[in-house]
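Throughout, protein chains are lettered first and strands after them, A, B, ... in sequence-line order, and every chain is numbered starting at 1.
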Number of protein chains: 2
Amino acid sequence: MILSASPMETGTTDHATEADEVRLNVLDTLVGYHLRRTSSLFAADFAEALGDLGIRQVLFGILSTIRDNPGINQGAAGKVLGIQRPNMVSLVNDLVDRGLIERRVARDDRRAFELQLTPAGAVQIETALERIREHEDLLLRDLTADERQMLIALLTRIERTRD
Amino acid sequence: MILSASPMETGTTDHATEADEVRLNVLDTLVGYHLRRTSSLFAADFAEALGDLGIRQVLFGILSTIRDNPGINQGAAGKVLGIQRPNMVSLVNDLVDRGLIERRVARDDRRAFELQLTPAGAVQIETALERIREHEDLLLRDLTADERQMLIALLTRIERTRD
DNA sequence: TATTGTTATACTCTATAACTATA
DNA sequence: TATAGTTATAGAGTATAACAATA
């Protein structure tokens with residue numbers, strides 16, 4: 001039994017009690033819904049693939065931002081990653097406590113911290129990156145390389161759309 | 001100042017202290033990162049656009065699933081939406097308490113609840129849908145209709161990729 | 001005055017284990 | 001035994017207000 005797609009027929013007494021029969025008519029037309037589902041799919045698989053390293057998505061974002069921008073301030077790193085300053089504190093503490101990054105008072109501004117990868121952090125990020133490549137290759141195996149690039153390009157344009 | 005993209009040059013003493021200068025070299029190549037950013041962008045704007053209605057993304061998902069599948073069980077609705085059963089309870093309670101849905105014991109299985117929209121819920125979902133269309137049109141205004149459809153198609157294929 | 005980092009706090013989302021009532 | 005819904009709980013993620021030190 002496939003249920004009607006039309007809201008005009010909601011007076012029916014049909015029931016949808018099995019997942020196979022269920023339609024998601026409206027939701028399927030919404031980009032936001034699909035972003036929600038796919039991003040949570042990626043988050044769950046990321047956690048499974050890298051959980052033993054203790055590297056969560058947020059933490060990898062911070063690590064790789066520091067790697068690509070050595071000496072970056074805590075606040076600046078948070079800003080590009082969309083992490084608010086109060087929430088950066090415990091995340092950076094976590095990475096420092098685990099010996100993956102170093103936090104030094106900036107010479108030119110003694111309020112600020114300059115963040116650097118430690119050698120251990122540099123190793124850790126490489127290990128993580130290998131795992132992440134595998135995890136993305138697995139989840140995206142039904143897309144061609146072109147489609148994958150297209151997807152990144154579309155998402156990037158959405159991110160860059162500014163008020 | 002634009003920082004080097006090469007990890008081989010991380011020995012530099014350059015600092016990236018302003019957001020404009022910061023590169024996200026590795027992250028920008030990861031689909032998971034872009035999904036994370038765009039989905040959180042959509043979630044934040046959704047909350048702003050529909051906050052006064054008290055309709056959050058999850059709640060809209062439940063409401064529209066009930067609308068498109070009247071009489072669906074609580075568990076079945078959660079299953080298609082990726083919401084675990086324990087977490088459905090308070091969400092459904094919320095919608096019942098606000099008079100947007102009705103919960104009736106199923107005739108054929110007295111453990112189960114059949115969920116139905118109330119007339120107020122049917123009105124509410126229409127209002128919400130108008131707002132959501134506007135909100136999506138705004139966030140996706142830099143994409144053509146074809147690109148939007150392409151994006152939904154790509155995301156849907158990722159969702160349907162099964163182990 | 002403004003900014004960097006901090007603390008405290010709260011709310012949502014998600015996940016697991018254990019219970020009850022029905023099947 | 002298995003399933004539908006429930007309760008309790010805990011861990012992330014995210015948001016705001018208020019503070020100290022420094023600019």
Side-chain angles (χ1 to χ4, degrees), chain A residues 15-19 33 35-37 39-48 50-51 54-62 71-79 81-96 101 103-115, chain B residues 15-19 32-33 35-37 39-48 50-51 54-62 71-96 101 103-115:
Chain A
H15 295 166
T17 48
E18 295 179 28
Y33 176 73
L35 288 174
R36 187 176 154 84
R37 292 305 298 268
S39 100
S40 104
L41 188 68
F42 269 70
D45 193 76
F46 186 106
E48 197 179 346
L50 287 96
I55 303 285
R56 289 168 287 149
Q57 280 185 316
V58 211
L59 295 181
F60 180 79
I62 297 174
I72 192 173
N73 283 1
Q74 190 168 312
K79 192 171 183 184
L81 292 167
I83 304 170
Q84 302 203 30
R85 252 177 290 153
N87 298 327
M88 279 295 283
V89 179
S90 64
L91 297 169
V92 167
N93 281 342
D94 188 2
L95 294 172
V96 170
I101 65 173
R103 183 169 38 189
R104 292 187 216 153
V105 173
R107 289 149 304 175
D108 53 327
D109 183 347
R110 290 178 8 244
R111 294 171 303 182
F113 285 139
E114 290 171 359
L115 305 179
Chain B
H15 296 165
T17 48
E18 295 179 26
Y33 176 71
L35 288 174
R36 188 176 153 84
R37 292 304 298 267
S39 101
S40 105
L41 188 69
F42 270 70
D45 194 75
F46 187 105
E48 197 179 346
L50 287 96
I55 304 285
R56 289 168 287 148
Q57 280 185 315
V58 210
L59 296 181
F60 180 79
I62 297 173
I72 192 172
N73 282 0
Q74 189 169 311
K79 191 172 182 183
V80 285
L81 291 168
I83 304 170
Q84 303 203 31
R85 251 176 292 155
N87 299 325
M88 280 293 285
V89 180
S90 63
L91 296 170
V92 167
N93 281 342
D94 188 2
L95 294 172
V96 171
I101 65 174
R103 184 169 37 190
R104 292 188 215 151
V105 173
R107 290 148 302 175
D108 52 329
D109 183 348
R110 287 175 13 242
R111 296 171 302 181
F113 285 138
E114 292 171 357
L115 305 179

D/dT6, OP1 or OP2 - any side-chain N/O from B/Arg103 closer than 4.0 Å?
yes

From CG of B/Leu91 over to P of C/dT12, roughly how many Å is that when rounded to an integer?
10 Å

Rounding to an integer number of Å, can you tell me how far A/Glu114 CD sits from C/dT4 C1'?
13 Å

Nearest to the side chain of A/Phe113, heavy atoms from C-beta on, is which of D/dT22, D/dT6, C/dG5?
C/dG5

Please determine whether a side-chain nitrogen or oxygen atom of B/Arg111 lies at a distance below 4.0 Å from atom OP1 or OP2 of C/dC19.
no

Can you tell me if A/Gln84 touches the phosphate of D/dA15, counting only side-chain N or O atoms and a distance under 4.0 Å to OP1 or OP2?
yes

Rounded to whole angstroms, how far apart are CG on A/Leu115 and P on C/dT4?
13 Å

Output yes when at least one side-chain N/O atom of B/Arg85 is less than 4.0 Å from OP1 or OP2 of C/dC19, else no.
no

When rounded to whole Å, the CG to P distance for the pair A/Leu41 and C/dC13 reads 19 Å

If you only use heavy atoms from C-beta on, which nucleotide in C/dT6, D/dT6, C/dA15 is closest to the side chain of B/Asn87?
C/dA15

Between A/Gly75 and A/Ser40, just flag the one whose closest nucleotide in DNA chain C comes earlier from the 5' side.
A/Gly75

At 4.0 Å (heavy atoms only), tell me whether B/Arg110 reaches a base, stays on the sugar-phosphate, or touches nothing.
sugar-phosphate

Tell me whether the OP1 or OP2 atom of C/dT6 has a side-chain N or O from A/Gln74 closer than 4.0 Å.
yes

Whole-Å distance, B/Ile83 CD1 to D/dA4 P, equals 16 Å

Within this structure, what is the CZ-to-C1' distance between A/Arg104 and C/dG5, rounded to whole angstrom?
19 Å

Rounding to a whole Å, what distance do you find between B/Phe46:CZ and D/dA15:P?
16 Å

With a 4.5 Å cut-off on side-chain heavy atoms, are A/Leu81 and B/Arg36 touching?
no

Length of the CD-C1' vector between B/Gln57 and C/dT12, whole Å
12 Å

Non-hydrogen side-chain atoms of A/Phe113 and A/Asn73 separated by less than 4.5 Å
no

Report yes if some heavy atom in the side chain of B/Arg103 is under 4.5 Å from a heavy atom in the side chain of B/Asn93; otherwise report no.
yes

Any heavy-atom pair between the side chains of B/Glu114 and B/Arg107 that's under 4.5 Å?
yes

Minimum-distance nucleotide to B/Ala112 side chain [options: C/dA8, D/dA23, D/dA4]:
D/dA4

State, with a plain yes or no, whether a side-chain heavy atom of A/Leu95 is found less than 4.5 Å away from one of A/Leu115.
no

